[in-house]
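Here the structure comes first, spelled out in structure tokens, and everything after it is commentary.
Each chain gets a letter, A, B and so on, in the order the sequences are listed, and its residues count up from 1. Below, each value reflects all heavy atoms present in this structure, side chains not excepted, and no hydrogens, waters or symmetry copies.
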2 protein chains.
Amino acid sequence: MHWTDKLHAILMGVSDLTNRIDIDARLLAASNVKLDRALLPLLSRLALHEQMSTVELANLVGRDHSTVSRQLAKLEDLALIERVPSSGDRRVRMICPSAKGKALLGAVAKVRRQWIEAHFRDWPREDIDQLISLTGKMMEGLDEVSLGGIEMIETRSA
Amino acid sequence: MHWTDKLHAILMGVSDLTNRIDIDARLLAASNVKLDRALLPLLSRLALHEQMSTVELANLVGRDHSTVSRQLAKLEDLALIERVPSSGDRRVRMICPSAKGKALLGAVAKVRRQWIEAHFRDWPREDIDQLISLTGKMMEGLDEVSLGGIEMIETRSA
DNA sequence: GGTATATATGTGCATAATGCACGGATATGA
DNA sequence: TCATATCCGTGCATTATGCACATATATACC
């Protein structure tokens with residue numbers, strides 16, 4: 001098995017794991033938080049970026065902006081996010097978690113931290129550091145809106 | 001930022017990346033393959049497991065078995081999978097990619113290999129090995145059907 | 001300035017995806 | 001044998017999603 005295939009298999013596993021709705025469900029339950037399962041991933045991403053526009057977030061999660069727009073409306077109804085007019089561009093309303101949203105995320109993060117720590121209990125500290133360092137390096141430039149380097153192969157023909 | 005939060009952020013990034021439908025779309029286009037975008041992830045997972053039952057696959061991808069059942073029906077119509085009666089249990093039909101399905105996956109894998117190799121072009125070989133080793137270790141026991149170790153915190157209360 | 005084009009956002013609408021409930025078949029255990 | 005559990009597929013209602021469109025604003029070009 002080629003190393004790229006091995007890596008891809010692992011990444012798929014990671015993806016499946018973080019997408020398992022039952023995990024989010026358990027996380028929310030354990031945090032005593034009630035929230036539509038589709039909204040937590042969105043809120044979690046927002047927390048990592050300080051401020052984002054609707055389109056940026058849509059690109060990040062790979063869905064149509066209209067879909068994200070509707071989900072954001074729900075989050076706003078729940079007062080979990082705030083929308084700030086962008087200083088430079090009056091078309092965009094930047095989005096960020098509200099105090100309430102941050103509190104919710106904090107409660108969830110607390111439980112998740114326990115889970116992750118339990119999972120890595122037997123790991124040497126340097127392995128954990130290496131893991132974070134290398135995966136972080138791998139994601140550099142890829143977690144942004146565009147796909148960067150991957151564009152080097154032309155696929156527009158289709 | 002706590003290391004667990006950092007790790008979680010990275011994993012979310014990985015998840016987003018592997019879930020970006022545009023990536024699958026580009027992959028299929030660059031491979032000259034035409035396939036419903038929902039079906040490639042399923043087929044890819046099947047390829048990693050030799051044989052799986054419908055329910056197992058459903059658990060793996062975190063969706064209802066009925067949903068997966070319908071998607072598998074599509075894959076079968078396209079002759080991309082085969083169903084073999086399980087020797088031990090006559091209720092289950094084990095699923096695996098057909099020759100045609102494997103050929104398709106092979107074409108896709110070839111392009112993906114190029115992409116991944118390009119992305120890691122500047123990496124020292126030992127870093128790549130370390131990355132695969134550590135992420136593989138991280139996923140041990142988690143890529144299976146049940147969640148294993150994560151269960152250690154009781155969440156059934158909800 | 002004025003005009004054409006591009007981008008950000010939200011909404012209507014049709015379609016696709018999803019989960020739940022159910023039924024039939026088989027397996028497991030009392 | 002009987003009761004219970006599991007595997008699978010289908011009917012059905014609900015939800016999610018994308019596309020097309022409209023509006024407001026920005027950017028580029030003349």
Side-chain angles (χ1 to χ4, degrees), chain A residues 16 19-26 28 34-43 45-46 49 51-78 81-96 144-146 158, chain B residues 16 19-26 28 34-43 45-46 49 51-78 81-96 145-146:
Chain A
D16 286 343
N19 276 310
R20 296 272 292 270
I21 49 173
D22 54 320
I23 294 188
D24 277 357
R26 288 185 207 184
L28 289 169
K34 215 169 182 59
L35 182 65
D36 184 357
R37 65 197 158 90
L39 301 182
L40 181 60
L42 229 47
L43 199 57
R45 266 104 186 139
L46 282 174
H49 289 264
Q51 279 197 334
M52 295 187 83
S53 72
T54 303
V55 169
E56 283 171 342
L57 183 56
N59 286 340
L60 186 65
V61 300
R63 298 189 194 274
D64 195 82
H65 71 94
S66 63
T67 299
V68 174
S69 173
R70 277 182 282 256
Q71 291 171 332
L72 287 175
K74 288 185 195 172
L75 281 174
E76 196 175 17
D77 283 344
L78 295 167
I81 61 169
E82 282 168 4
R83 313 180 97 140
V84 207
S86 166
S87 51
D89 190 330
R90 275 188 303 176
R91 290 171 303 178
V92 321
R93 294 193 292 161
M94 299 306 271
I95 304 149
C96 55
E144 287 308 316
V145 169
S146 84
Chain B
D16 286 343
N19 276 309
R20 297 271 293 271
I21 49 172
D22 54 321
I23 295 188
D24 276 357
R26 288 185 208 184
L28 289 168
K34 215 169 180 62
L35 183 65
D36 184 359
R37 64 196 160 87
L39 300 183
L40 181 61
L42 229 47
L43 199 58
R45 266 104 185 140
L46 281 173
H49 288 264
Q51 280 197 333
M52 295 188 83
S53 71
T54 303
V55 169
E56 283 172 342
L57 182 57
N59 285 339
L60 185 64
V61 299
R63 297 189 194 280
D64 194 82
H65 72 95
S66 63
T67 299
V68 174
S69 173
R70 278 182 282 256
Q71 292 171 330
L72 287 176
K74 289 184 194 173
L75 282 173
E76 195 176 18
D77 284 344
L78 296 168
I81 61 169
E82 280 168 6
R83 313 180 97 138
V84 206
S86 166
S87 51
D89 190 330
R90 276 187 303 177
R91 290 171 303 178
V92 322
R93 293 192 293 161
M94 298 306 271
I95 305 150
C96 56
V145 170
S146 84

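In this entry the distance linking CG of A:Leu72 with P of D:dA16 reads 14 Å, nearest Å. What separates CD1 of B:Ile81 from P of D:dC8 is a distance of 12 Å, to the nearest Å.
The two residues B:Ala58 and B:His65 make their nearest non-hydrogen contact at CB-CA, 3.6 Å. B:Ser66 and B:Asp64 get closest at one heavy-atom pair: OG-OD2, 2.6 Å. B:Glu56 approaches B:Ser53 most closely through the heavy-atom pair OE1-N, 3.0 Å.
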Original post:
Does the side-chain contact (heavy atoms from CB on, under 4.5 Å) test come out yes or no for A:Arg26 and A:Asp22, once each step is laid out?
Top reply: CA-CA 6 Å; A:Arg26 288 185 207 184; A:Asp22 54 320; 3.8 Å; yes
Original post:
Going through the checks in order, is the side-chain contact (heavy atoms from CB on, under 4.5 Å) test met by B:Leu46 and B:Leu72?
Top reply: CA-CA 11 Å; B:Leu46 281 173; B:Leu72 287 176; 4.3 Å; yes
Original post:
Which is it for B:Leu78 and B:Leu35 under the side-chain contact (heavy atoms from CB on, under 4.5 Å) test, yes or no, and what are the steps along the way?
Top reply: CA-CA 9 Å; B:Leu78 296 168; B:Leu35 183 65; 3.8 Å; yes
Subject >> Working for side-chain contact (heavy atoms from CB on, under 4.5 Å), residues B:Met52 and B:Asn59 >> reply: CA-CA 11 Å; B:Met52 295 188 83; B:Asn59 285 339; over 6 Å; no
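Nucleic acid contact for A:Ser86: none, since no nucleic acid atom lies under 4.0 Å from a heavy atom of the residue.
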Subject >> Sugar-phosphate or base contact per nucleotide [nucleotides 18-28 of chain D; S, B, -; heavy atom under 4.0 Å] >> reply: BB----BBS--
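Taking for each of A:Lys74 and B:Glu76 the nucleotide of DNA chain D with the nearest heavy atom, the 5'-most of the two is the partner of B:Glu76.
B:Asp16 has no carboxylate O lying under 4.0 Å from a charged side-chain N of B:Arg20, or vice versa, which leaves the two without a salt bridge.
Nucleotides of DNA chain C with any atom under 4.0 Å from a heavy atom of chain B span, from 5' to 3', C:dA17 to C:dA27.
Looking at A:Gln51 and A:Val92, their side chains never come closer than 4.5 Å, going by heavy atoms from C-beta outward.
Comparing the start and finish of the helix from C:dG1-D:dC30 to C:dA30-D:dT1, five pairs each, the helix axis swings through 40°, to the nearest 10 degrees.
Within the model, atoms CG of B:Leu75 and CD of B:Glu82 stand 12.5 Å from one another, a figure rounded to the nearest 0.5 Å.
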